[in-house]
Amino acid sequence: MEAMSDTRAELVGRSNRLGSDPKNTNYAGGNTSAKGVDTDPVTGEPVELIWVKGSGGDLGTLTEAGLAVLRLDRFRALQNVYPGIDREDEMVAAFDYCLHGKGGAAPSIDTSMHALVDADHVDHLHPDSGIAIATAADGEALTATIFGDKVVWVPWRRPGFQLGLDIAAIKRDNPDAVGCILGGHGITAWGDTSEECEKNSLWIIDTAAAYIAEHGVAEPFGAVVPGYEALPEAERHAKAAALAPTIRGIASRDKVMVGDYNDSPEVLEFLSREKLLPLAELGTSCPDHFLRTKVKPMVLDLPASAGIEESIARLKELHELYRADYQAYYDAHADASSPAIRGADPLIVLVPGVGMFSYGANKQTARVAGEFYRNAINVMRGAEALSTYTPISDEEKFRIEYWALEEAKLQRMPKPKTHQGRIAFVTGAASGIGKAIATRLAAEGACVVVADLDLEKAQAAAAEIGNADVAVGVAANVADAAAVQAALDAAVLAFGGVDLVVNNAGLSIAKTLLETTEADWDLLHDVMSKGSFLVSRAAASVLIEQGLGGDIVYISSKNSVFAGPKNIAYSATKADQAHQVRLLAAELGEFGVRVNGINPDGVVRGSGIFSSGWGADRAKTYGVKEEDLGQFYADRTLLKREVVPESVADAVFVLTGPELSRTTGVHIPVDSGVAAAFLR
């Protein structure tokens, strides 16, 4: 065995190489291990250890901190107290007694197949090509044909201690074998060195893929069904955006979900073929797949040419059938010890000609669910190319999905943040108040669409906030109805829908009545009065169709109630926005949509409006230096505290959070106390 530092470094490197290539394994799927020697700090004597990827980690991004570390002598001694397969779940708790020191990451259920196998290096992976053989009706015969005596077939067995014992026996009894095909599941490979183990894993994966390519039938999913072909891209995306609010509402009846849309070629091809419905009905097989995608998807059984209204009506009918079917699946297999049903809504919805909609508690989970179903499509393609796709039974799927160990893992998940699962659309969000709002909402768990007139600035602001699972930037000329609709469509395609809209886009022109031109008046009203109306109207159609309630927030101004000098056009538009809040609160309340406003004042530092000339003009009006304007505003307030963009963001957070869920139609002053602007 190798020295500790070399062993860990080699393991992490191998894991990263294998996990970064999707042909080898899915995200967070599979695990790797290495055995080595360290010095026991208590005895000073050498001790044999195993380092294995911890529970929930991802091979592609694994670091040493993600490894579980266990003593091999103690783990192997567990065989002496193993009570048998009926009680194998009890062994997981015993893993903690085998940890070396603090043990690193939590050991996964698959630790046994690594620790008990007599090889210094072991890989367990979920490659599409390997699972295709594992789910073929004659997978055992195919394994022998493809690999000879170098790879051994292992009939389906749920991950656990017994599977580890089985693979250890296979390694012992088949000296020429370099790995296994695990029925319905994946592959396991081993080697005396890290290099040899990685080489064996890749050989199994590539050999299976080459055999499928050479010997598989040309059209494993059958012929193209007329009318089910992919729509042209622009038409496809327009239909996806039109259906997305309905589908998100379907996926979110039991628990609010974030969505992902995928129209990759392999998805669209699968949706166009005659075997779509029967194969989709069989569901996925690899535990990693169906734990993320549910046992099977919901499929719209209409051609791509079906209209929006017809498609929506049928989706809602299919949803009721899906829920009834899932309840029946649960009832058929649950017993008194089973966890409660976790929801009967689909996580994968397939729409021929349009693509796949996948859902999860956050964007990353939704996206990964879609990636897993694409893996499942590849698996079905390979299995059907050589044989007949035959996943594990519904009974076995249920044993995994509602496994007590899986339930315990879910219960260990951190408590969600207040805005997790919510999708925010913020206008004028590339800078100033809008950017502060978008940043705060993202920090509280929301997915954020940064909408701004300048696309490059919107995308740059979104990139500062987080990756594409957290924030995206879109172009939005709020004064143009078509541009507004395009921006909302982009939002629903990015995250599945919209829950929280912030009308923040604005500008200011400060002139006396006689100096204010018609063009000044029209520009300000187009951006703020008309713009807020257009954004709210487009968003309301999404909010109503989703059926999930929601929030619309107007960033108005102290000037909506305070009559200041030389400010006729700006203040009039703010008064218009303020009354839109009341009007929309009255109209949208029946749909659970709250509409509220915020009246800031004196936001100088970090404000895009003030930096564009408004600050200089206001300073001149009040007879102070521009650099002193923020303090001037603060000094005239009751609290004598300067208002900054983050102050407004705080108000948006509170207004849209759970604490004020019964509040609508109000305006919250964020002005440090301007008595002349008190609401009456």
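What you are looking at is a predicted structure, and each value in this text was computed from that prediction instead of being measured.
Checking side-chain atoms of Ser20 against main-chain N and O of Gly60 turns up no donor-acceptor pair under 3.5 Å. Lys417 places a side-chain N or O within donor-acceptor distance of the main-chain N or O of Ala443, the cut-off being under 3.5 Å. Asp123 places no side-chain N or O within donor-acceptor distance of the main-chain N or O of Thr32, the cut-off being under 3.5 Å. A donor-acceptor pair is defined here as one N or O able to donate and one able to accept, closer than 3.5 Å; such a pair exists between the side chain of Lys53 and the backbone of Gly30. Using modelled atom types, one side-chain atom of Thr390 and one backbone atom of Thr388 make a donor-acceptor pair closer than 3.5 Å. Arg248 contributes a side-chain N or O that, together with a main-chain N or O of Met257, makes up a donor-acceptor pair within less than 3.5 Å. Between the side chain of Asn24 and the backbone N or O of Leu18 there is at least one donor-acceptor pair closer than 3.5 Å. With Gln79 contributing its side chain and Arg76 its backbone, the two residues share a donor-acceptor pair below 3.5 Å. In this structure, Ser285 contributes its side chain and Gly184 its backbone to a donor-acceptor pair below 3.5 Å. A donor-acceptor pair under 3.5 Å links the side-chain atoms of Arg74 to the main chain of Tyr97, judged by distance alone.
Pairs passing the side chain to side chain donor-acceptor pair (under 3.5 Å) check and including a residue from residues 103-112, sequence neighbours excluded, read Asn31-Asp110. Judged as a salt bridge (Lys or Arg N to Asp or Glu O under 4.0 Å), the pairs with a partner in residues 149-170 (not counting sequence neighbours) are, in order, Asp89-Arg158, Arg157-Asp166. Within the structure, salt bridge (Lys or Arg N to Asp or Glu O under 4.0 Å) pairs that include any residue of residues 204-217 comprise Lys23-Asp206 (at least two apart or interchain). Under the salt bridge (Lys or Arg N to Asp or Glu O under 4.0 Å) criterion, the residue pairs touching residues 320-334 are Arg253-Glu320, Asp254-Arg323, Lys296-Asp325, Arg323-Asp345, with sequence neighbours excluded. The salt bridge (Lys or Arg N to Asp or Glu O under 4.0 Å) contacts involving residues 168-178 comprise nothing, where partners must be two or more places apart or lie in separate chains.
Closest heavy-atom contact between Leu276 and Val299: CD2-CG1, 3.9 Å. The nearest pair of heavy atoms linking Ile205 to Leu125 is CD1-CD1, 4.0 Å. Residues Arg14 and Ser194 come closest through the heavy atom pair NH1-OG, 2.9 Å. When all heavy atoms of Cys197 and His121 are compared, the closest pair comes out as SG-O, 3.5 Å. Between Arg71 and Asp40, the shortest heavy-atom distance links the atoms NH1-OD2, 3.2 Å. Listed here is the closest heavy atom pair of Glu196 and Thr193: N-OG1, 3.0 Å.
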*Kindly indicate, with the supporting measurements, whether the criterion side-chain contact (heavy atoms from CB on, under 4.5 Å) is fulfilled by Leu350 and Tyr373.*
CA-CA 10 Å; Leu350 304 176; Tyr373 199 77; 4.0 Å; yes
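Under the 4.5 Å side-chain criterion, counting only non-hydrogen atoms from C-beta, Lys275 is not in contact with Pro220. Using a 4.5 Å heavy-atom threshold, the side chains of Leu99 and Pro107 count as touching. Residues Leu62 and Asn16 have side chains in contact (heavy-atom distance under 4.5 Å, counting atoms from C-beta outward). Contact check for Val379 versus Tyr389: side-chain heavy atoms found under the 4.5 Å cut-off. With contacts defined as side-chain heavy-atom distances shorter than 4.5 Å, the pair Thr7/Asp120 does not qualify. Counting only heavy atoms from C-beta outward, the side chains of Val154 and Thr188 never approach each other to under 4.5 Å. Proximity of Thr293 to Leu347: side-chain heavy atoms (C-beta onward) are nowhere separated by under 4.5 Å. Between Leu386 and Tyr211 there is a side-chain heavy-atom pair separated by less than 4.5 Å.
To the nearest 0.5 Å, the span separating CD on Gln162 from CD on Glu88 amounts to 6.5 Å. Here Ser264 contributes atom OG and Ile377 contributes atom CD1; the two are 7.0 Å apart, rounded to the nearest 0.5 Å. Expressed to the nearest 0.5 Å, how far OG of Ser15 lies from CD of Glu198 amounts to 9.0 Å. Leu277 CG to Leu282 CG: the interatomic distance, rounded to the nearest 0.5 Å, is 11.0 Å.
The ring pair (Phe, Tyr, Trp, His ring centres under 6.0 Å) search around His126 returns His124, His185, not counting sequence neighbours. Looking at residues two or more places apart in sequence or on another chain, you find no ring pair (Phe, Tyr, Trp, His ring centres under 6.0 Å) involving His100. For the side-chain hydrogen bond (donor to acceptor under 3.5 Å, both in side chains) test, no residue two or more places apart in sequence or in another chain qualifies with Thr25. In this structure, Phe495 has no ring pair (Phe, Tyr, Trp, His ring centres under 6.0 Å) partners at least two apart in sequence or on a different chain. Looking at residues two or more places apart in sequence or on another chain, you find a ring pair (Phe, Tyr, Trp, His ring centres under 6.0 Å) between Tyr402 and Tyr330, Phe398. Residues passing the side-chain hydrogen bond (donor to acceptor under 3.5 Å, both in side chains) test with Thr43: none are found, sequence neighbours excluded.
Ion pair Glu384/Arg273 not flagged as a salt bridge, since none of the NZ, NE, NH1 or NH2 atoms sits closer than 4.0 Å to an Asp/Glu carboxylate oxygen. Remark: Arg367 engages Glu371 in a salt bridge, criterion side-chain N to carboxylate O under 4.0 Å.
Proximity of the aromatic rings of Trp203 and Phe147 is defined here by a centroid distance below 6.0 angstrom, and this criterion is met.
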Enumerate, atom names and distances included, each donor-acceptor pair closer than 3.5 Å involving a side-chain atom of residues 131-143, sequence neighbours excluded.
residue: Thr135; atom: OG1; partner: Ile131; partner atom: O; Å: 2.8
residue: Thr135; atom: OG1; partner: Ala132; partner atom: O; Å: 3.4
residue: Asp138; atom: OD1; partner: Ser387; partner atom: OG; Å: 2.5
residue: Thr143; atom: OG1; partner: Gly139; partner atom: O; Å: 2.8

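Ring-plane geometry between Tyr329 and His333 is classed as perpendicular, the angle between the planes exceeding 60 degrees on a 0 to 90 degree scale with a lower cut at 30.
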